[in-house]
Protein chains: 2
Amino acid sequence: MNRRITSEDVARLAGVSQATVSRVFTAGASVSTKAREKVERAASELGYTPNALARGLTQRRTGLIGIVTGDLTSLYDTQLLSILCGALRAEQWQPLLMRTARTDETGGAMLEAMAYQVDAIIVAAGSVSPTIVSETQTYHTPVIMMGKGETAGVDTICCDNAYGVRLVARHLLAGGHRRIAYIGGNPAAFSEQERRHCFTEALEAQGASLFASASGDYSYESGQAAALSLLTAPTPPDAIFCGNDTIALGAMDAARHILGLKVPRDLSIIGFDDITMAGWPGYRLTTIQQPMDKTVSAAVNLLQRRFAGEELPPQAIRIPTSLVIRASSRAPDLV
Amino acid sequence: MNRRITSEDVARLAGVSQATVSRVFTAGASVSTKAREKVERAASELGYTPNALARGLTQRRTGLIGIVTGDLTSLYDTQLLSILCGALRAEQWQPLLMRTARTDETGGAMLEAMAYQVDAIIVAAGSVSPTIVSETQTYHTPVIMMGKGETAGVDTICCDNAYGVRLVARHLLAGGHRRIAYIGGNPAAFSEQERRHCFTEALEAQGASLFASASGDYSYESGQAAALSLLTAPTPPDAIFCGNDTIALGAMDAARHILGLKVPRDLSIIGFDDITMAGWPGYRLTTIQQPMDKTVSAAVNLLQRRFAGEELPPQAIRIPTSLVIRASSRAPDLV
DNA sequence: CTGAAAGCGCTTACAG
DNA sequence: CTGAAAGCGCTTACAG
């Protein structure tokens, strides 16, 4: 057979109407046990599965969730994606993955997802112009932006950067550090701006100040390069806080393997995210934990409420952060 | 407006028939310049994009490609996924991501993808029973299995495991190693079976034999545990070849940080895949490179040919492998 | 509970 | 080149 099996085929074999076949595959529709049995027998004999596209055309829901990610080069993004996909699957939602290579592709990717009538879009990358936001609002499709603070018109889920970096500042100062540097991620990213800003403020609130800083792009290589330039300066920093763990791993490798420094004896290094590798014995990175499972379940909950038709204003959810002390930072009591 | 804009709306505004609107958005359809202009103006004014679902229902093609992956915990899988998604996007194909948590979910995930009328399915995880294969063949949907050798009825793309592990055997023996161990991945995986088998054979072909071996599940933790047990035996191995890089990183960290061994002085470690981290200065892992871009472009090419209707028998493509010598293995000339 | 029929938003022969 | 109409495979009021 060169044609897909349709509900019509099943109906014919089962001796019922096509509508009855449809009802058997529609949760909550009323069908007699007898009819249901005939249909199920016929369906399994023919190997019938309802066409999700046709179903999506008639119902309001397709079960498709658009996920806009960056280039998936970041270990954090990748771990988040994995957890997110697992959670979506548990809800029987299918992720339509829009991987963007550049941050300005985000808007386009959202519109492409819309073309497939996705029930919602989760944006985990790049930033979105207000024009795009208002454009997507015409579609009445829920949009959740991850890693972004309050944004007009859409839901956002973000970790508590301010609290996290405050913990870092306190920890480093308690560790006796006075030349504290910062290596940031992509300057255009919200998380970078917030982390840098709040970290600087937190130091100042405690009577200290940022000693030096550099910018990267959240990559390992950028962490290496930035660390190298900071550490070879006439007066190098004695601690580096990094915008994410990947940068921190690059910085640590540069300090140890290129410059021959001991971490944390010569230098404390702290990251942000708590990706799996931060706990590996080769790194044992002190970092701010950003609980990915909580982020994901907040997203799923929000979608459930929106799908249920609840009329709530755009949410700006913050997920709590915490400090995970490992071996890459000087312990306060040893000073 | 609470309703999506349809081609009907555009037609009304542009003063043409709905069919003409459709033609403007269908590549290769003939429309007069005048009509095209009117339609394009109206479409952009209304913010119209064709409904990809409705289009998919009438055409043979949806532009959707189902991708069945494992739990995305593996660094190799994740890097491959990233490259794959980039390549699909370049073709205007959208990946419908089916992330499975257990290997026996593969078949179900394929059928779910089928329900969305995907144009093809790329399976990059788990194994598939012959029943599922024949079931999917009824749908006439191309299926490509990655990381699998020749399989009846479907296309496969796999790296040249045999050649790769032969290079490892030769390299280790040339390095003077005589107690060579192997830590495998998931015993149910094709790649594991092939690598283990061919590695054992390669050693024997060169007059040596496998000294010890252990099984893991391709994870970092399993690499650590297996290395620990092998290296604390009365006579430990002096070299370990690992079924993938992630295992090798775990093994290396266990050797160095838990047992205090020097790599490669006390022990050579070799991996498989050549993931990004294998080149990081903290590891500098000697490994077999499996070119992901070639794997991906082979898949894209194959899909293009299948979509074009070419009648070719199931392909069993092998991608060449090569040895990347870094610092985790003893150099032959130093012995 | 069940069938006939309209409709979801497109594409594509079929005439003209 | 263009319009009217059939059809893709479903769901869902509407009657009965």
Side-chain angles (χ1 to χ4, degrees), chain A residues 1-40 42-43 46-64 114-119 139-141, chain B residues 1-40 42-43 46-64 114-119 139-141:
Chain A
M1 67 203 69
N2 214 324
R3 200 172 45 77
R4 300 293 281 259
I5 310 295
T6 71
S7 55
E8 197 65 55
D9 300 322
V10 177
R12 209 171 304 128
L13 180 60
V16 299
S17 74
Q18 180 271 329
T20 298
V21 175
S22 171
R23 289 195 182 94
V24 169
F25 287 91
T26 304
S30 49
V31 199
S32 67
T33 325
K34 188 167 262 168
R36 177 178 298 276
E37 275 169 3
K38 282 193 295 186
V39 168
E40 279 171 350
L46 296 175
Y48 169 73
T49 320
N51 180 324
L53 256 43
R55 173 174 275 181
L57 201 58
T58 52
Q59 288 181 141
R60 292 196 88 58
R61 302 270 295 268
T62 58
L64 253 24
M114 295 283 187
Y116 281 89
Q117 318 303 112
V118 294
D119 293 336
Y139 293 89
H140 297 278
T141 301
Chain B
M1 67 203 72
N2 213 325
R3 200 173 43 77
R4 299 293 280 257
I5 310 294
T6 71
S7 55
E8 197 66 54
D9 301 322
V10 177
R12 209 171 305 128
L13 180 61
V16 299
S17 74
Q18 180 271 329
T20 297
V21 175
S22 172
R23 289 195 183 94
V24 169
F25 287 92
T26 303
S30 48
V31 199
S32 66
T33 324
K34 188 167 259 167
R36 179 178 298 278
E37 274 168 4
K38 283 194 293 185
V39 168
E40 278 171 352
L46 296 174
Y48 168 74
T49 320
N51 181 323
L53 256 43
R55 173 174 275 183
L57 202 57
T58 51
Q59 290 182 139
R60 292 195 89 58
R61 302 270 296 268
T62 58
L64 254 24
M114 295 282 186
Y116 281 89
Q117 317 302 112
V118 294
D119 294 335
Y139 292 88
H140 297 278
T141 302

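- Using a 4.0 Å cut-off, no side-chain N or O of A:T58 falls inside it from OP1 or OP2 of D:dT12.
- Going from atom CZ of A:R55 over to atom C1' of D:dG9 covers 11 Å, rounded to whole Å.
- Residue pairs meeting the side chain to side chain donor-acceptor pair (under 3.5 Å) criterion with at least one partner in residues 47-59 of chain B, sequence neighbours excluded, are absent.
- Here the shortest heavy-atom pairing between B:R4 and B:D9 reads O-OD2, 3.8 Å.
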Below 3.5 Å, can you tabulate the donor-acceptor pairs from side chains in residues 23-33 of chain A to any protein atom, sequence neighbours excluded?
residue	atom	partner	partner atom	Å
A:T26	OG1	A:S22	O	2.7
A:S32	OG	A:A35	N	3.1

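- Atom CE in A:M114 sits about 16 Å away from atom P in C:dG9, given to the nearest Å.
- Distances shorter than 4.0 Å separate none of the side-chain N or O atoms of B:Y116 from OP1 or OP2 on D:dG9.
- Here A:S17 pairs with A:A19, A:T20 under the side-chain contact (heavy atoms from CB on, under 4.5 Å) rule; sequence neighbours left out.
- For the pair B:A54 and B:S32, both in contact range of DNA chain D, the more 5′-proximal nearest nucleotide belongs to B:S32.
- Of the listed nucleotides (D:dT2, D:dG3, C:dC10), D:dT2 has the atom at the smallest distance from the side chain of B:V31.
- When the P atom of D:dC10 is taken as reference, atom CG of A:N51 falls 5 Å away, rounded to whole Å.
- Distance, B:R61 CZ to C:dC10 C1': 17 Å, rounded to whole Å.
- Atoms CG (A:L46) and C1' (D:dG9) sit 15 Å apart, rounded to a whole Å.
- Distance from the side chain of A:Q59 is smallest to D:dT12 among C:dT12, D:dA4, D:dT12.
- Across all strands shown, B:A35 has heavy atoms under 4.0 Å from sugar-phosphate atoms exclusively, and none from any base.
- Across the protein-nucleic acid pair, B:Q117 atom CD and D:dG9 atom P stand 8 Å apart, rounded to whole Å.
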Practice problem: Please assess B:L53 against B:Q117 for the test side chain to side chain contact (heavy atoms under 4.5 Å, CB included), listing each intermediate value before the final yes or no. | Solution: CA-CA 10 Å; B:L53 256 43; B:Q117 317 302 112; over 6 Å; no
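- The distance between atom CG of A:D9 and atom P of D:dG9, rounded to the nearest whole Å, is 9 Å.
- Pairing analysis of DNA chain D (Watson-Crick: purine N1 to pyrimidine N3 plus N6-O4 or O6-N4; G-U wobble: N1-O2 and O6-N3; both under 3.5 Å) yields stems of 3 or more pairs at C:1-3 with D:14-16, C:5-12 with D:5-12, C:14-16 with D:1-3.
- Summarising the geometry of A:L57 relative to B:A54, their closest heavy-atom pair is CD1-CB, 3.8 Å, with the distance given to 0.1 Å.
- Interatomic distance, CG of A:L13 versus CD of A:E8, reported as 12.5 Å (0.5 Å rounding).
- In this structure, A:E8 places its CD atom 17 Å from P of D:dA6, rounding to the nearest Å.
- Residues satisfying the side-chain hydrogen bond (donor to acceptor under 3.5 Å, both in side chains) test with B:T62, not counting sequence neighbours, are B:D119.
- Contact between B:A14 and B:A42 at its shortest, heavy atoms only, is CB-CB, 3.9 Å.
- For DNA chain C, the neighbouring residues in residues 18-28 of chain A, judged by any heavy atom under 4.0 Å, are A:A19, A:T20, A:R23.
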